[in-house]
Amino acid sequence: MAEGDPTNADIARALDEVGDLYELDGAVSHRVLAYHTGAQSVRESSASVAQLAREGRATELPGIGATLQEKILALTENGEIPAAVELHKRWPAGVLDVTRLPGIGAKRARLFYTELGIASTDELRAAAENQALRHLKGVGPKMEEAILQALERRTGDDGRERILASRALAIAEEVAAALEAACGKGVRATPAGSVRRRTETVADIDMIATGPDPAAITRAFCELDLVERAESSGELAARVVLHSGTAVDLRVGDEARHGNLLQHFTGSAAHNTALRERAVKEGLHVSEYGIRGDRADRLELFATEAEVYRRLGMDYIEPELRENRGELDAAREGTLPALVSLADLRGDLHTHTTASDGQASIAEMAAAAKALGHEYLAITDHSATHGFGNDVSPEQLERQIELVREANERIEGIELLAGSEVNILPDGKLDYADDLLARLDWVVASIHTAFKASARAMTDRMLAAIGHPLVDAIGHPTGRLIGKRPPYELELGRVFAAAAETGTALEINSSPNRRDLSEIDARAASQAGVRFVIDSDAHREATLANLQWGVATARRAWLGADAILNALPLDALRASRPRARG
DNA sequence: GCCGTTTTCGGCCCGACTGTTTTCAGTCG
């Protein structure tokens with residue numbers, strides 16, 4: 001990626017906007033869809049799509065053909081897409097804002113603009129207040145009211161915030177438990193959708209519930225104490241907004257089709273669409289109600305998802321893989337990976353104590369890790385130049401090594417490793433001397449400062465650390481904070497090649513707001529031959545359990561236990577490190 | 001606009017809910 005190139009996120013946004021503009025313009029829906037699927041494909045690429053387009057290789061990405069590549073190239077070289085410029089002459093940006101209001105889509109926004117000249121949400125509000133919309137075909141007083149409410153509720157300018165998966169899962173489990181309690185015996189509520197697929201963030205929570213009286217479940221759902229208001233509710237589906245502001249969609253059904261319903265509502269949309277298109281070619285039609293043949297005879301109902309997939313000629317696909325990233329072919333061919341699970345992990349190799357910025361002692365962390373079933377735990381407090389007022393000087397680290405060794409003597413049932421999370425300085429050097437590092441059992445090297453350097457400089461800095469024989473793993477390799485801070489610039493291809501060469505592990509950091517490496521990057525790294533550690537980066541006892549989120553990212557990256565070093569017994573782990581390789 | 005065991009053209013999942021309608025269009029997932 002050259003300096004100044006648009007990022008994949010920039011390109012994806014631009015393609016989405018062209019799609020939205022074409023939709024306003026009345027283009028056939030499949031063309032509109034092509035822009036949005038192309039945008040998603042760009043978002044999921046591990047390589048710089050600007051660079052790929054320059055090399056004429058962007059068409060290798062699924063959903064990108066010659067036309068989209070040409071537009072990506074124009075954006076890369078000239079900063080704009082000619083088609084977008086042309087469309088914007090007909091459709092002002094304010095009209096796009098109108099389409100983003102809930103309940104308003106392209107057709108209504110177009111109607112408001114062409115009939116009444118409404119070109120912004122402010123003008124729309126005025127028209128609704130003056131009851132000027134109700135005279136349009138297909139619009140009435142209730143829609144005016146709904147528009148005013150939507151404008152009233154809108155916070156900021158990008159509507160509803162996405163929330164971290166960890167928070168969404170907690171909310172989903174709370175709602176599911178409340179719904180089961182409200183409905184009584186025989187009703188089963190199960191979180192589905194992106195929460196179940198363990199994506200990084202979720203826009204809303206999807207849930208299914210099955211029981212003898214589906215309509216009664218929907219009614220009970222809308223009346224839960226957790227619910228602020230129902231946005232829609234019918235016999236078979238409802239959408240509510242919780243007091244916390246999170247939206248929850250529910251689909252209900254009878255127990256006999258629990259598998260169909262769960263498969264449908266777990267998604268993703270891309271997975272389901274691709275799965276159904278394939279099924280149609282074989283004369284089968286798949287929906288949440290069941291599977292039926294071409295001649296519309298009876299519906300086949302399935303109580304489990306495994307049966308649904310089997311009926312379609314596929315192995316069971318774990319929810320984390322259902323993103324239309326090759327899992328359908330693999331399920332058909334019997335080549336799905338055996339994914340790593342939390343139970344495979346034998347230890348945690350990145351944790352903090354009160355020696356730096358953690359909140360618990362060595363003994364407390366050890367006890368908590370032992371309770372989780374860990375066989376080993378590395379204590380890796382921040383190093384000398386951490387710079388947050390809680391650095392560990394070389395002398396303090398020597399003392400800390402002694403303390404860990406003493407604790408290890410004292411505490412039975414878990415092996416404690418004396419380690420450190422060492423800073424990678426801007427010049428690529430580490431901030432402890434090698435003879436001190438050599439006394440440690442485990443060394444994580446991370447970047448915590450000077451994020452703004454060029455991709456070339458940051459990559460050289462990272463390669464220096466990877467090349468250091470005493471570095472066992474690179475912590476949170478891209479430095480991103482989900483929704484808060486983008487990754488620093490890095491030539492990941494070079495980083496992965498180097499890590500594969502030296503045997504230095506790359507971390508999948510399990511903190512729910514890091515998940516770093518991301519699933520996309522981790523999958524690319526794995527294909528380059530990299531091996532990983534999944535660490536909690538816990539700063540207190542409770543967050544040791546965050547490992548589940550690192551495991552989720554690893555699973556979404558198609559990783560098996562064989563790619564994860566801390567799935568190994570301690571002796572084998574030690575033997576696998578660069579320093580053991582000589 | 002993309003794609004190919006229908007292969008360079010013709011087809012591209014499936015259904016719920018709302019508000020507006022007297023049978024359906026628009027939106028959403």
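Atoms CD (A/Glu277) and P (B/dC2) sit 15 Å apart, rounded to a whole Å. Atom CZ of A/Phe265 is separated from atom C1' of B/dC13 by 16 Å (rounded to the nearest Å). A/Leu24 places its CG atom 14 Å from the C1' atom of B/dT27, with the value rounded to the nearest Å. If you take CG of A/Asn324 and P of B/dC3, they are 12 Å apart, rounded to a whole angstrom. Whole-Å rounding puts the A/Asp204 CG to B/dT27 C1' distance at 14 Å. Computed from coordinates, the A/Leu33 CG to B/dC14 P distance equals 15 Å when rounded to whole Å. The interatomic distance linking A/Ile64 (CD1) with B/dG1 (P) rounds to 12 Å, in whole Å. Spacing between atom CG of A/Asp294 and atom C1' of B/dC13 amounts to 13 Å, rounded to whole angstrom units.
Taking for each of A/Thr99 and A/Leu61 the nucleotide of DNA chain B with the nearest heavy atom, the 5'-most of the two is the partner of A/Leu61. In terms of position along DNA chain B, the nucleotide closest to A/Arg276 lies nearer the 5' end than the nucleotide closest to the other residue of the pair A/Glu144 and A/Arg276.
Among the heavy atoms of the strands, none lies under 4.0 Å from A/Asn272. Residue-level contact check: A/Ser29 touches neither bases nor backbone, having no heavy atom under 4.0 Å from any strand. Within 4.0 Å of A/Leu275, counting heavy atoms only, lies no atom of the nucleic acid at all. As judged by a 4.0 angstrom heavy-atom cut-off over every strand, A/Leu111 is placed among residues making no nucleic acid contact. Within the nucleic acid shown, A/Ala106 comes within 4.0 Å of sugar-phosphate atoms alone, with no base atom in reach, counting heavy atoms only. Nucleic acid contact class of A/Val32 (heavy atoms, under 4.0 Å, all strands): none. Among the heavy atoms of the strands lying under 4.0 Å from A/Leu68 are primed sugar atoms or P, OP1, OP2 only; no base atom is included.
B/dC12 and B/dC17 are spaced 25 Å apart, taking the C1' atom of each and rounding to whole Å. Only the P atoms considered, B/dG10 is 27 Å distant from B/dG15, to the nearest whole Å. To the nearest whole angstrom, the two C1' atoms, one in B/dC13 and one in B/dT18, are 22 Å apart. Distance check on atom C1': B/dT22 versus B/dC28 gives 24 Å, rounded to whole Å. B/dC9 and B/dC14: their P atoms are spaced 27 Å apart (whole Å). Nucleotides B/dT23 and B/dG4, compared at atom P, are 43 Å apart to the nearest Å. Separation of the P atoms belonging to B/dG26 and B/dT20 is 14 Å when rounded to the nearest angstrom.
Both geometric conditions, a ring-centre gap below 5.5 Å and a plane tilt below 30°, are not fulfilled together for A/His285 over the base of B/dC14.
For A/Ser287, the listed nucleotide lying nearest its side chain is B/dG15; candidates were B/dC17, B/dG15, B/dG1. The side chain of A/Tyr289 lies closest to B/dG15, out of B/dG15, B/dG26, B/dC2. Side-chain proximity of A/Leu236 to B/dG29, B/dA16, B/dG1: nearest is B/dA16. Distance from the side chain of A/Lys281 is smallest to B/dT6 among B/dT6, B/dC14, B/dA16. Distance from the side chain of A/Arg108 is smallest to B/dG26 among B/dC12, B/dG29, B/dG26. Here B/dC17 is the nucleotide among B/dT20, B/dC17, B/dG1 with the atom lying nearest to any side-chain atom of A/Ala237. If you check B/dG1, B/dC13, B/dT20 against the side chain of A/Thr67, the one that comes closest is B/dG1. With distances taken from any side-chain atom of A/His30 to the nucleotides B/dG1, B/dG26, B/dC13, the minimum falls on B/dG1. Distances from the side chain of A/Asp206 to the nucleotides B/dG29, B/dG1, B/dG15 place B/dG29 closest. Taking the side chain of A/Lys142 as heavy atoms from C-beta on, and the options B/dT20, B/dC13, B/dA16, the nearest nucleotide is B/dT20.
Under 3.5 Å, the side chains of A/Tyr309 and A/Gln263 contain a donor-acceptor pair of N or O atoms. Checking A/Glu300 against A/Asn260 by side-chain atom types alone, no donor-acceptor pair falls below 3.5 Å. For the 3.5 Å distance criterion, the side chains of A/Glu115 and A/His135 fail to qualify, holding no donor opposite an acceptor. Checking A/Thr76 against A/Asp5 by side-chain atom types alone, no donor-acceptor pair falls below 3.5 Å.
Results of the side chain to side chain contact (heavy atoms under 4.5 Å, CB included) test with A/Trp549 over A/Asn513, A/Ile534, A/Leu169 single out A/Leu169 as the only residue that passes.
Expressed to the nearest 0.5 Å, how far CD of A/Glu86 lies from CG of A/Leu21 amounts to 11.5 Å. With rounding to the nearest 0.5 angstrom, the CH2 atom of A/Trp558 is 9.5 Å from the CD atom of A/Gln527.
At B/dC17, none of the side-chain N or O atoms of A/Arg239 fall inside 4.0 Å of OP1 or OP2 (strictly under the cut-off). Of the side-chain N and O atoms in A/Ser232, none sit less than 4.0 angstrom from OP1 or OP2 of B/dA16.
A donor-acceptor contact shorter than 3.5 Å is absent between the side chain of A/Arg239 and the backbone of A/Ala247.
The partner of B/dA16, taking Watson-Crick or G-U wobble pairs whose two distances both stay under 3.5 Å, is B/dT27.
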